[in-house]
Participant: 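First, the structure itself, so that you have it in front of you.
Worth saying up front: this structure is predicted, and the values here are computed from it rather than measured. A note on names: the letters A, B, ... follow the listed sequences, proteins ahead of strands, and every chain is numbered from 1. Values below: every heavy atom of this structure, side chains too, minus hydrogens, waters and symmetry copies.
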Protein chains: 2
Amino acid sequence: MNTLSYGLLSLLSKDSRTGYELMQHIQPFWPAKHSQIYPLLAQLEQKGYVEFVHVIQSDKPDKKVYSLTEAGLKALQEWIGLPTDPPVTRDEFALKIYCIGLVNKEEALSMLVERASYYKGKKERFMESFEKVKRQSEKPLEELEFHDPMFANYVLVKKAMLKVDADLHWCEWMRSKLKS
Amino acid sequence: MNTLSYGLLSLLSKDSRTGYELMQHIQPFWPAKHSQIYPLLAQLEQKGYVEFVHVIQSDKPDKKVYSLTEAGLKALQEWIGLPTDPPVTRDEFALKIYCIGLVNKEEALSMLVERASYYKGKKERFMESFEKVKRQSEKPLEELEFHDPMFANYVLVKKAMLKVDADLHWCEWMRSKLKS
DNA sequence: ATGACATATGTCAATTATGACATAACAAGG
DNA sequence: CCTTGTTATGTCATAATTGACATATGTCAT
């Protein structure tokens with residue numbers, strides 16, 4: 001059982017979902033392609049941690065809706081108690097910045113503009129998620145309690161926003177550095 | 001040629017370094033073990049992008065000091081102009097937070113305290129790097145110019161600090177949420 | 001002295017992750 | 001009508017990454 005498998009169980013602990021949906025929703029925390037997800041779901045099903053029902057759709061292709069089993073919940077709870085690996089970030093842009101002096105200022109500036117716009121797009125999507133959480137929640141977000149199912153959504157979007165703000169802030173700071 | 005290979009060239013564009021040193025210094029941008037670095041260096045040498053000299057040491061094991069060649073510099077410059085992959089972060093802790101409601105508040109709080117202390121340690125190390133850059137630089141850091149070899153060190157430490165501050169800020173905010 | 005740790009390089013099996021291929025049904029736009 | 005995009009599931013070869021094993025020297029603490 002690798003981390004991604006536990007991640008899938010984690011998502012399934014809130015809602016039953018298809019492999020396709022799991023693939024989409026796990027991206028912010030643990031990027032993975034469907035070609036990695038589907039085999040892991042089959043494994044989890046064999047272990048009895050998840051189960052699925054075929055759902056026939058007329059407008060779209062049929063799907064398998066997965067749910068967490070009792071055994072899956074138990075496995076998930078044990079995993080939470082285990083030591084947590086530190087986050088891993090691999091950033092090609094930072095590697096390029098390390099030797100940015102090799103190109104001229106104009107090229108460097110255009111790279112930064114592009115990266116800033118990438119982060120702006122990300123921020124926009126996070127703001128949309130934030131609004132979505134706000135709409136779905138009955139209470140004002142600040143009053144959400146620990147055990148409320150919306151609590152995690154709220155705090156994780158907050159986390160994502162803080163990080164993307166830091167990235168954007170650095171980009172803008174760099175741009176002002178390069179313009180002078 | 002994968003991203004890590006170009007990353008190694010990037011580091012070598014500033015200083016000649018051993019595989020061991022490259023492994024240590026590339027961690028913040030692109031975590032990798034020595035077992036991945038050494039074979040890539042051999043590949044890069046075969047391609048003529050780097051060269052090395054054996055250095056015999058009496059106090060420590062002998063080492064190979066790698067340098068960037070002209071061909072390596074050319075390859076590096078071409079890579080900088082190519083489109084840059086977005087950063088990838090995999091965060092087990094975030095996956096656990098998603099289903100944090102499964103455990104009690106006390107356990108959640110202790111997980112956050114631990115994660116906060118992890119980030120504090122990271123921040124301390126970044127602050128040391130910052131001080132080191134400050135000492136090595138002749139000019140005040142804010143006055144460092146684009147082509148100064150210290151410029152990249154300065155802006156990358158700044159980047160790391162901003163991100164770790166965001167992480168720490170979120171941890172403390174979460175702690176206050178859980179205590180109430 | 002004995003074990004642990006840092007330096008230093010290397011190989012190799014196993015795991016993790018990606019990209020390509022494959023199929024299929026419907027929607028939307030040109 | 002045709003291409004492109006989304007939904008939906010799956011396999012497989014390849015690539016990237018890790019963890020274990022291997023070796024050697026020196027230091028430092030117990």
Side-chain angles (χ1 to χ4, degrees), chain A residues 1-8 11-12 16-47 50-66 83 85-92 95 125, chain B residues 1-8 11-12 15-46 50-66 83 85-92 95 125:
Chain A
M1 286 280 287
N2 57 24
T3 307
L4 178 54
S5 299
Y6 284 110
L8 296 172
L11 296 214
L12 289 175
S16 296
R17 289 187 185 282
T18 67
Y20 190 80
E21 288 172 327
L22 286 167
M23 183 264 291
Q24 291 179 312
H25 288 95
I26 209 165
Q27 296 303 319
F29 318 120
W30 199 278
K33 317 283 176 189
H34 72 274
S35 52
Q36 201 182 3
I37 309 272
Y38 288 130
L40 288 181
L41 281 171
Q43 267 181 235
L44 289 170
E45 199 253 320
Q46 272 201 326
K47 290 201 171 93
V50 301
E51 54 192 13
F52 67 87
V53 283
H54 278 283
V55 174
I56 286 101
Q57 299 185 117
S58 52
D59 53 333
K60 294 178 211 169
D62 301 348
K63 60 186 180 182
K64 290 179 174 182
V65 177
Y66 286 87
D85 287 335
V88 167
T89 299
R90 290 202 168 84
D91 189 349
E92 187 175 25
L95 290 174
R125 285 191 293 281
Chain B
M1 287 280 288
N2 57 24
T3 306
L4 178 53
S5 299
Y6 285 109
L8 295 173
L11 295 213
L12 289 175
D15 292 296
S16 296
R17 289 187 186 283
T18 67
Y20 191 79
E21 287 172 327
L22 286 168
M23 184 264 291
Q24 291 179 314
H25 288 94
I26 210 165
Q27 296 305 318
F29 319 118
W30 199 279
K33 316 285 175 186
H34 73 274
S35 52
Q36 201 181 3
I37 309 272
Y38 289 130
L40 288 182
L41 281 171
Q43 266 180 237
L44 289 170
E45 200 253 318
Q46 271 202 327
V50 301
E51 54 193 11
F52 67 87
V53 283
H54 277 283
V55 174
I56 285 102
Q57 299 185 115
S58 51
D59 54 334
K60 294 178 210 170
D62 300 350
K63 60 187 181 182
K64 290 178 173 183
V65 177
Y66 286 87
D85 287 335
V88 167
T89 300
R90 292 202 166 83
D91 190 349
E92 186 175 27
L95 289 175
R125 285 190 293 280

Participant: In whole Å, I'd like the distance from the CZ atom of Arg17(B) to the C1' atom of dT9(C).
Facilitator: 18 Å
Participant: Select base, sugar-phosphate, or nothing to describe what Gln24(B) touches, counting heavy atoms under 4.0 Å on all strands.
Facilitator: sugar-phosphate
Participant: Roughly, in whole Å, what's the span from CD1 in Ile56(A) to P in dC26(C)?
Facilitator: 14 Å
Participant: With no hydrogens and no angle check, is any side-chain donor or acceptor of Gln27(B) less than 3.5 Å from a backbone partner on Ala32(B)?
Facilitator: yes
Participant: If I take atom OH in residue Tyr6(B) and atom C1' in nucleotide dA16(D), what distance separates them, rounded to the nearest angstrom?
Facilitator: 16 Å
Participant: Taking C-beta and beyond as the side chain, do Leu95(B) and Leu4(A) meet within less than 4.5 Å on heavy atoms?
Facilitator: no
Participant: Which pair of heavy atoms, one from Glu92(B) and one from Trp30(A), lies closest together, and at what distance?
Facilitator: N-CZ3, 3.9 Å
Participant: Which atoms form the tightest heavy-atom contact between Ser5(A) and Leu44(A), and what is the distance?
Facilitator: O-CD1, 3.9 Å
Participant: Please list, by residue number, the residues of residues 34-41 of chain B whose heavy atoms come closer than 4.0 Å to an atom of DNA chain C; answer none if no residue qualifies.
Facilitator: His34(B), Ser35(B), Tyr38(B)
Participant: Within the pair Trp30(B) and dA16(D), is there a side-chain N or O less than 4.0 Å away from OP1 or OP2?
Facilitator: no
Participant: Grab the CG-C1' distance between Leu22(A) and dT9(D) for me, whole Å please.
Facilitator: 13 Å
Participant: Could you say whether Leu4(A) or Pro61(A) is positioned toward the 5' end of DNA chain C, judged by the nucleotide with the nearest heavy atom to each?
Facilitator: Leu4(A)
Participant: Please figure out whether Gly19(B) or Asn2(A) has its closest DNA chain C nucleotide nearer the 5' end.
Facilitator: Gly19(B)
Participant: What is the distance from CE of Met1(A) to P of dT15(C), rounded to the nearest Å?
Facilitator: 15 Å
Participant: Under 4.0 Å, heavy atoms only, any strand: does Ala32(A) hit a base, just the sugar-phosphate, or nothing?
Facilitator: sugar-phosphate
Participant: Does dA8(D) have OP1 or OP2 sitting under 4.0 Å from an N or O in the side chain of Gln57(A)?
Facilitator: yes
Participant: Expressed as a whole number of angstroms, how long is the span from Asp59(A):CG to dA24(C):P?
Facilitator: 18 Å
Participant: Think Arg90(A) has a side-chain N or O under 4.0 angstrom from the OP1 or OP2 of dA16(D)?
Facilitator: no
Participant: Could you tell me whether the side chain of Tyr6(A) reaches within less than 4.5 Å of the side chain of Met1(A), counting heavy atoms only?
Facilitator: yes
Participant: Closer than 4.0 Å, any side-chain N/O of Lys64(A) to the OP1 or OP2 of dT9(D)?
Facilitator: no
Participant: If every non-hydrogen atom of Thr89(A) is compared with every non-hydrogen atom of Thr89(B), which pair is closest and at what distance?
Facilitator: OG1-OG1, 2.8 Å
Participant: If you take all heavy atoms of Gly19(B) and Ile37(B), which pair is closest and at what distance?
Facilitator: O-CG2, 4.0 Å
Participant: Rounded to the nearest angstrom, tell me the gap between atom NZ in Lys63(A) and atom P in dT6(D).
Facilitator: 18 Å
Participant: Which of these nucleotides, dG19(C), dT17(D), dA25(C), is closest to any side-chain atom of Lys33(A)?
Facilitator: dG19(C)
Participant: Kindly point out which of dT7(D), dT25(D), dT9(D) is positioned nearest to the side chain of Lys60(A)?
Facilitator: dT7(D)
Participant: Nearest to the side chain of Tyr20(A), which nucleotide is it out of dA8(D), dA8(C), dT18(D)?
Facilitator: dA8(D)
Participant: Looking at Arg90(B) and Pro31(A), would you say the former's side chain and the latter's main chain have a donor-acceptor pair under 3.5 Å?
Facilitator: yes
Participant: Quickly work out the Leu44(A) CG to dG10(D) P distance and round it to whole Å.
Facilitator: 13 Å
Participant: Return the nucleotide paired to dA29(D): Watson-Crick means purine N1 to pyrimidine N3 with N6-O4 or O6-N4, wobble means G-U with N1-O2 and O6-N3, both under 3.5 Å.
Facilitator: dT2(C)
